[in-house]
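To start, the structure under review is shown below, and the notes come after it.
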There are 2 protein chains.
Amino acid sequence: MSRSPSQEPDENTDALPRQQRTYSIGELARMFEVTPRTIRFYEQEGLLAPSRQGQKRIYREKDRVRLKLTLRGKRLGFSLAEIREVVMMYDAMPDGNARQLKRLLEILEEKRANLERQQEDIRLMRLEIDDVDQRARDVLRQLGETS
Amino acid sequence: MSRSPSQEPDENTDALPRQQRTYSIGELARMFEVTPRTIRFYEQEGLLAPSRQGQKRIYREKDRVRLKLTLRGKRLGFSLAEIREVVMMYDAMPDGNARQLKRLLEILEEKRANLERQQEDIRLMRLEIDDVDQRARDVLRQLGETS
DNA sequence: CAAGCACTTTACGTTAACGTAAACCTCGTC
DNA sequence: GACGAGGTTTACGTTAACGTAAAGTGCTTG
């Protein structure tokens with residue numbers, strides 16, 4: 001996986017009313033350190049739905065947040081399909097019927113379970129890493145002594 | 001991602017001296033809820049190196065642990081290449097030269113950074129999920145009231 | 001000994017998530 | 001008006017991580 005330095009951009013440090021700000025595809029791409037291709041692909045997969053100005057895509061705050069969430073999901077190993085599942089249901093919520101909403105709650109519960117599982121995995125993985133680290137240092141030290 | 005119910009098998013509840021126990025590919029596959037194909041693939045990718053008894057693969061404790069670690073890594077979104085990187089260096093450690101060992105320490109540091117990043121991602125993702133959950137419940141409640 | 005089960009190798013197929021290339025607009029500017 | 005920087009669509013290419021199918025081996029059980 002490419003969990004690269006891709007930092008998430010700072011939150012609102014400017015003075016502009018958030019609602020107005022828009023972004024081009026290139027801006028967003030630089031912000032999140034992905035390629036425009038990736039962003040277009042996410043749109044094609046139903047994860048983004050920017051408006052248009054003529055031919056060009058215009059991204060608003062909502063789109064930026066979605067992209068942020070999508071990338072976060074990706075870093076956690078979720079597939080785009082899984083991410084879309086939640087994101088779309090979230091959007092369909094306001095006028096959602098009870099069945100859909102309950103389905104959504106189920107999905108959320110699954111996600112939560114996943115996250116807990118992952119936290120445990122991280123905990124264990126850290127122990128392993130610390131262990132390997134310690135051994136490596138020990139060997140290094142021994143090398144230093146006998147040289 | 002298929003973060004399915006794949007439980008990790010219980011630790012040593014039997015009385016056999018661990019060293020002796022061996023496993024067939026099918027046993028391991030059932031234990032970890034993967035297919036034999038997957039296990040053979042991991043071997044082909046240099047993550048496992050079972051001994052043979054004639055034609056058949058014989059897995060020992062060491063192999064089982066490796067498989068466990070590999071799958072854990074996968075659940076955390078690591079690629080097989082990344083996993084191999086650490087696992088192989090770990091094995092090469094005893095007779096490793098200083099350069100290799102320092103390289104290993106570097107890699108471990110990267111992994112640690114990754115894990116921390118992921119923990120933060122999980123934290124944020126949980127907040128999002130709780131938020132969506134809350135909204136969904138609110139809408140549901142309103143539906144109930146006005147029906 | 002036939003049948004079945006678990007294993008083997010070989011090899012081609014599949015899916016997700018993009019990369020990459022070509023060919024085309026549409027600005028501002030030199 | 002040429003041109004460079006950004007954007008667009010279309011379409012084929014690529015990689016990882018297996019799935020799936022075919023064809024063979026070896027044991028043991030009715």
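All chains are named by letter (A, B, ...) in the order of the sequence lines, taking the proteins before the strands, and each is independently numbered beginning at 1. Quantities reported herein were computed from a predicted structural model and do not represent experimental measurements.
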*Between A/E27 and A/S24, is there a donor-acceptor pair closer than 3.5 Å when you use the side chain of the first and the backbone of the second?*
yes
*What's the CD-C1' distance between B/Q44 and D/dC18, to the nearest Å?*
10 Å
*Starting at CD of B/E45 and ending at P of D/dA16, how long is that distance when rounded to a whole Å?*
8 Å
*How many Å lie between CZ on B/R52 and C1' on C/dT8, as a whole number?*
8 Å
*Does a donor on one side chain sit under 3.5 Å from an acceptor on the other, for A/Q118 and A/N114?*
no
*Taking only N and O in the side chain of B/S24, is any of them less than 4.0 Å away from OP1 or OP2 of C/dC7?*
yes
*Rounded to the nearest angstrom, tell me the gap between atom CG in A/L47 and atom P in C/dC18.*
10 Å
*Check whether any side-chain N or O of B/R52 sits under 3.5 Å from a backbone N or O of B/Q55 as a donor-acceptor pair, and report yes or no.*
yes
*Should the pair A/R137-A/D133 be classified as a salt bridge under the 4.0 Å nitrogen-to-oxygen rule?*
yes
*Drop me the distance from A/D63's CG to A/I39's CD1, to the nearest 0.5 angstrom.*
10.0 Å
_What is the distance, to the nearest angstrom, from the CD atom on B/Q53 to the C1' atom on C/dC7?_
12 Å
_Phosphate OP1/OP2 of D/dG19: any B/T38 side-chain N/O under 4.0 Å_ = yes
All N/O contacts under 3.5 Å from nucleotides 20-29 of chain D to the protein, with atom names and distances to one decimal?
unit_1, atom_1, unit_2, atom_2, d
D/dT20, O4, B/R37, NE, 3.3

*asked:* Can you work out whether B/F41 or A/P36 has the more 5'-proximal nearest nucleotide on DNA chain D?
replied: A/P36
*Check whether any side-chain N or O of A/K74 sits under 4.0 Å from OP1 or OP2 of C/dA16, and answer yes or no.*
no
*Check whether any side-chain nitrogen or oxygen of A/Y42 sits under 4.0 Å from OP1 or OP2 of C/dC18, and answer yes or no.*
yes
*How long is the span from the CD atom in B/Q100 to the CG atom in B/D95, to the nearest 0.5 Å?*
8.5 Å
*Between B/R75 (CZ) and D/dC18 (C1'), how many Å, whole number?*
17 Å
*In whole angstrom, what separates A/L80's CG from C/dC18's P?*
6 Å
*CZ-CG distance between A/R112 and A/L105, expressed to the nearest 0.5 angstrom*: 8.5 Å
_Rounded distance in Å - CZ (A/R84) to C1' (C/dA17)_ = 12 Å
